[in-house]
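Working notes, beginning with the structure itself.
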Amino acid sequence: MSRYEPHAIEPKWQAVWDADQTFTAVRDPARPKYYVLEMFPYPSGRIHMGHVRNYTMGDVVARYKAAQGFSVLHPMGWDAFGMPAENAAMERGGHPKEWTYSNIADMRAQMKPLGLSIDWSREFATCDPEYYGQQQSMFIDMMAAGLVYRKAAVVNWDPVDMTVLANEQVIDGKGWRSNAPVERRELTQWFFKISDYSAELLAALDGLTNWPEKVRLMQANWIGKSRGLQFAFATSGAPAGFDQLEVYTTRPDTLLGASFAAISPDHPLAKHLERHDPAVAAFVADCRRGGTTEEAMEKAEKRGFDTGIRVLHPLDATVALPVYIANFVLMDYGTGAIFGCPAHDQRDFDFATKYGLAIPAVFVADGGDDVPLTEAFVPMKSERVRYIRNFAGADIQTGDAAVTAAIAHCESRGIGRGVINYRLRDWGISRQRYWGCPIPVIHCDTCGVVPEARENLPVRLPDDVTFDIPGNPLDRHPTWRQCKCPNCGADARRETDTMDTFVDSSWYYARFTAPHSQTPTNAEDAAYWMNVDQYIGGVEHAILHLLYSRFFARAMHATGHLPAAAIEPFNALFTQGMVTHETYSTPHPDAADRPVWRAPDEVIRTATGASLVDGTPVTVGPIIKMSKSKKNVVDPMNIIAAFGADTARWFVMSDSPPERDVEWTASGAEATHKHLSRVWTLCDRIGSMPEGHQGTGDADLARATARAVHEVTQGIEGFAFNKAIAKLYEFTNTLSKANASTGAMKQAIRTLAQLMQPMTPHIAESIWAYQGGAGLCAKAPWPVADPALLIADTVTLPIQINGKRRAEISVPADMPASQIEKLALADQDVIKFLAGAPVKKIIVVPGRIINVVI
RNA sequence: GCCCGCGUGGUGAAAUGGUAGACACAUGAGACUUAAAAUCUCCCGAUCGCAAGGUCGUGCCGGUUCAAGUCCGGCCGCGGGCACCA
């Protein structure tokens with residue numbers, strides 16, 4: 001062995017693993033399986049440090065589990081559909097397909113040098129027709145199972161680009177590309193019936209005990225279960241067919257505070273009135289202007305239109321309430337109609353104030369008076385209230401009990417019923433885009449909307465499209481739309497919407513179990529490999545991707561593509577933190593408030609400050625997620641070129657716990673490289689020890705080795721890679737100072753190589769081979785610590801007097817507490833501190849501590 | 001507004017209720033060198049002290065306990081998620 005040269009050893013071992021097919025996943029019924037998956041990347045063309053961290057984590061788990069004897073599946077693929085490819089085509093010309101596949105080739109080439117234990121034979125991209133064809137086939141199955149439907153839905157419409165925009169693409173109410181004011185437009189869209197599964201998706205969260213609590217909570221909030229009363233107002237003056245108005249409320253206890261009713265502009269009654277009354281039409285049209293984004297909603301002033309219709313209060317038929325069309329009432333929650341209780345709901349209060357409606361209070365703060373309100377009184381959890389218009393029971397004080405009593409009371413009087421409502425809405429998957437999976441349906445004038453025939457799948461995207469004009473290229477393609485109805489054979493038109501790319505990523509984990517199957521999945525492979533045992537990715541996917549995947553697994557089970565055991569596809573989830581870096585900037589020559597961002601490799605960083613090469617002072621800014629816009633990115637390729645993959649892998653796993661953000665620093669990367677060099681030198685030194693060398697430290701070294709094995713194993717098992725690495729530092733330091741026999745030293749460094757292998761596989765293989773390890777380190781069984789060696793024979797116990805540490809004694813580990821007590825009280829320091837004071841109590845925690853209380 | 005999480009040295013961080021700061025980064029001192037780099041060694045929470053050692057110290061205030069970074073209550077600060085959801 002000479003110097004540590006990662007560039008020599010890393011490609012060498014990668015070639016060895018390739019030739020050996022070390023990481024090819026094999027369905028082996030004799031062994032337990034382990035499926036580890038990292039969220040697959042979008043092929044932007046460059047890998048970044050976040051990828052390195054994510055895939056290294058997965059790789060540590062995969063390599064560790066393989067060493068434990070599991071049959072491991074660790075695949076990689078590409079989430080390859082989506083808008084960036086179309087944007088690139090619009091900006092630079094070219095074709096999304098070429099752009100995407102060339103990016104995939106680039107990124108694969110950047111990932112391979114990391115030495116990840118991936119089974120590349122299972123690789124696919126979601127834009128492969130072999131993949132999206134299977135997706136189309138499942139779409140048709142889901143249609144047959146009643147899980148797909150079409151309905152008109154309101155979308156953000158960019159009138160210049162003639163396209164639907166996602167909410168994120170609407171900035172200040174304008175299209176991000178066209179800068180044109182976005183309109184709300186009603187389009188007929190395809191939906192998945194995820195809401196059928198609301199209750200189940202919520203209830204099953206309880207079983208996901210190996211998911212972060214935070215993610216489960218976010219999903220629960222997203223599904224948004226609420227309990228309330230649904231009842232019908234009797235109307236007067238309403239058009240025929242609208243003699244009842246259904247409303248939903250979570251606060252039936254405030255029913256006596258009703259002063260108006262309001263319906264959504266999209267409510268059937270509003271739509272009916274719109275057709276007959278130009279004033280209503282104008283108001284409703286006005287409501288529809290403006291985007292559907294959060295900001296647009298928040299800024300929108302509450303506005304209403306009095307329809308002239310009245311409803312009778314269900315508890316007091318002498319009270320008639322006006323019915324408004326109101327812009328703040330949502331059609332797709334509850335019934336699209338509400339009763340307004342201004343005294344106890346801020347929105348209703350604002351509305352009532354604006355339109356001069358009554359504000360009758362139902363309750364007041366306990367001890368308070370029924371005085372006119374200046375804002376809605378919404379009691380906090382801790383506040384007690386006194387009902388002044390209580391209809392349901394005598395001494396109801398808390399919200400929940402009041403609601404329960406109110407529901408029971410109303411039900412007993414025949415007014416409505418208690419219902420459970422969910423916030424979760426059906427999943428709209430239509431996108432008016434080219435670069436996505438075509439929705440495999442056909443519009444026929446006689447048969448209506450029918451699924452494409454199976455034998456015609458995949459419905460392929462046409463290659464001859466252009467992006468020089470706005471709109472969906474599939475819409476204006478000269479021939480692609482034309483087809484025959486699979487039902488009657490008449491001329492028909494293809495659907496030109498494509499699917500949301502979240503559909504693609506909702507089942508890729510299942511496809512990895514049989515990536516070349518002629519059906520979406522293969523029963524034996526799915527049964528063997530599912531579920532994903534460990535899923536790893538960013539917390540930004542905590543809601544949508546993971547919820548859609550949970551729904552999709554259920555839908556795949558319902559349509560016979562996954563076993564019942566796989567309806568929760570991810571047994572364990574880990575959400576890793578981001579890779580961050582300092583930001584650097586210099587003043588802008590013209591605009592002082594606008595900094596010029598500087599990349600780390602332009603900046604010379606010292607302990608006290610930073611400057612450019614020419615001496616220009618640089619402002620060191622906050623440590624934030626690496627991003628192109630702030631230029632605070634370090635290209636993994638540069639790090640690999642400078643120090644090798646093992647250094648990059650070790651560094652991203654050390655110091656910070658994996659769920660937290662990790663800051664990339666140049667000094668840290670260098671220090672990691674130095675450490676690996678020291679390990680290399682140590683290996684060299686041990687390798688050149690004379691054969692029969694004897695030392696006095698064999699027993700100590702054996703104990704240190706056992707402890708290292710134990711603690712590194714625990715660290716990896718518990719996703720505490722930073723702690724595992726700290727133990728490896730400790731063990732390396734111990735080993736380099738040890739005075740033991742040649743055989744013991746060699747044994748210890750082979751174990752060190754094995755323990756390092758999940759993190760730094762290349763240097764581990766080199767050490768393993770050099771020190772006479774059998775076969776590949778990657779395939780060697782994980783070391784097991786001898787439990788006898790983990791127990792120390794003597795322990796040092798601190799002695800506290802009244803909780804303050806004053807002395808310590810060393811005793812045999814198995815000494816009984818009574819004897820430790822005597823020894824402690826006989827200790828010179830203890831006697832000095834007691835100064836003759838009587839001992840009230842003495843606590844001996846064996847192996848831990850002694851506390852003397854005086 | 002609602003729901004969650006987090007506050008420990010100059011820095012990243014450790015710590016089944018039981019010796020706070022393991023491990024590492026940075027800084028400083030030293031060895032080697034003509035010199036530098038590389039490498040190696042040592043110090044490294046604050047404060048008093050020549051030292052031995054003492055006192056204080058995990059955002060702030062209080063509580064439980066023989067013992068609290070850890071448990072409980074109340075503040076302050078930071079971060080995340082959701083949000084006209086009736």
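In what follows, every heavy atom counts, from backbone to side chain, and hydrogens, waters and symmetry copies are set aside. A note on names: the letters A, B, ... follow the listed sequences, proteins ahead of strands, and every chain is numbered from 1.
- Between the CG atom of A/L245 and the P atom of B/A86 there is a distance of 18 Å, rounded to whole Å.
- Closest to the A/N851 side chain, of the nucleotides B/U19, B/C66, B/A86, is B/C66.
- Straight-line distance between the C1' atoms of B/G45 and B/U27: roughly 15 Å, to the nearest whole Å.
- Among B/G81, B/A13, B/C84, the nucleotide with an atom closest to any side-chain atom of A/M218 is B/G81.
- A/R707 places its CZ atom 12 Å from the C1' atom of B/A22, with the value rounded to the nearest Å.
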5' to 3', nucleotides 37-49 of chain B under a 4.0 Å protein heavy-atom cut-off (B base, S sugar-phosphate only, - none) gives --SS---------
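- B/G59 and B/U55 have their P atoms separated by 22 Å, given to the nearest Å.
- Contact annotation: A/R423 side-chain N/O to B/A86 OP1/OP2 distance is not under 4.0 Å.
- We find that CZ of A/R227 is positioned 15 Å from C1' of B/A86, with the value rounded to whole Å.
- Ring to ring, A/Y324 and A/F351 are close: their centroids are under 6.0 angstrom apart.
- Backbone-only contact: A/Y729 has heavy atoms under 4.0 Å from sugar-phosphate atoms and none from a base.
- If you check the side chains of A/S736 and A/R685, you find no donor sitting under 3.5 Å from an acceptor.
- Checking B/A15, B/A22, B/C66 against the side-chain heavy atoms of A/K723 singles out B/A15 as nearest.
- With hydrogens and angles left out, the side chain of A/R848 and the base of B/U16 share a donor-acceptor pair within 3.5 Å.
- Listed here is the closest heavy atom pair of A/V712 and A/K727: CG2-CB, 4.0 Å.
- If you check the side chains of A/D426 and A/S195, you find a donor sitting under 3.5 Å from an acceptor.
- At a cut-off of 3.5 angstrom, counting only N and O atoms as typed in the model, there is no donor on one side facing an acceptor on the other between the side-chain of A/K727 and the base of B/C23.
- Nucleotides of RNA chain B nearest to A/D332 and A/V662 differ in position, and the one nearer the 5' end is that of A/V662.
- Between the side chains of A/S654 and A/Y729, not a single donor N or O lies within less than 3.5 Å of an accepting N or O.
- Between the side chains of A/T647 and A/Y4, no donor-acceptor pair is found at a separation under 3.5 Å.
- A/K804 has its NZ atom 14 Å from the C1' atom of B/C66, to the nearest Å.
- In this structure B/A24 sits in a base pair with B/U11, meeting the Watson-Crick or G-U test at under 3.5 Å.
- Closest non-hydrogen pair, A/W664 versus A/H581, comes out as O-CD2, 3.1 Å.
- Here the nucleotide nearest the side chain of A/I843, chosen from B/G18, B/C84, B/C23, is B/G18.
- The partner of B/C44 cannot be assigned: no Watson-Crick or G-U wobble pair with both contacts below 3.5 Å exists in any strand.
- Closest approach to the A/I849 side chain among B/G12, B/U19, B/C25 is made by B/U19 (side chain taken as heavy atoms from C-beta onward).
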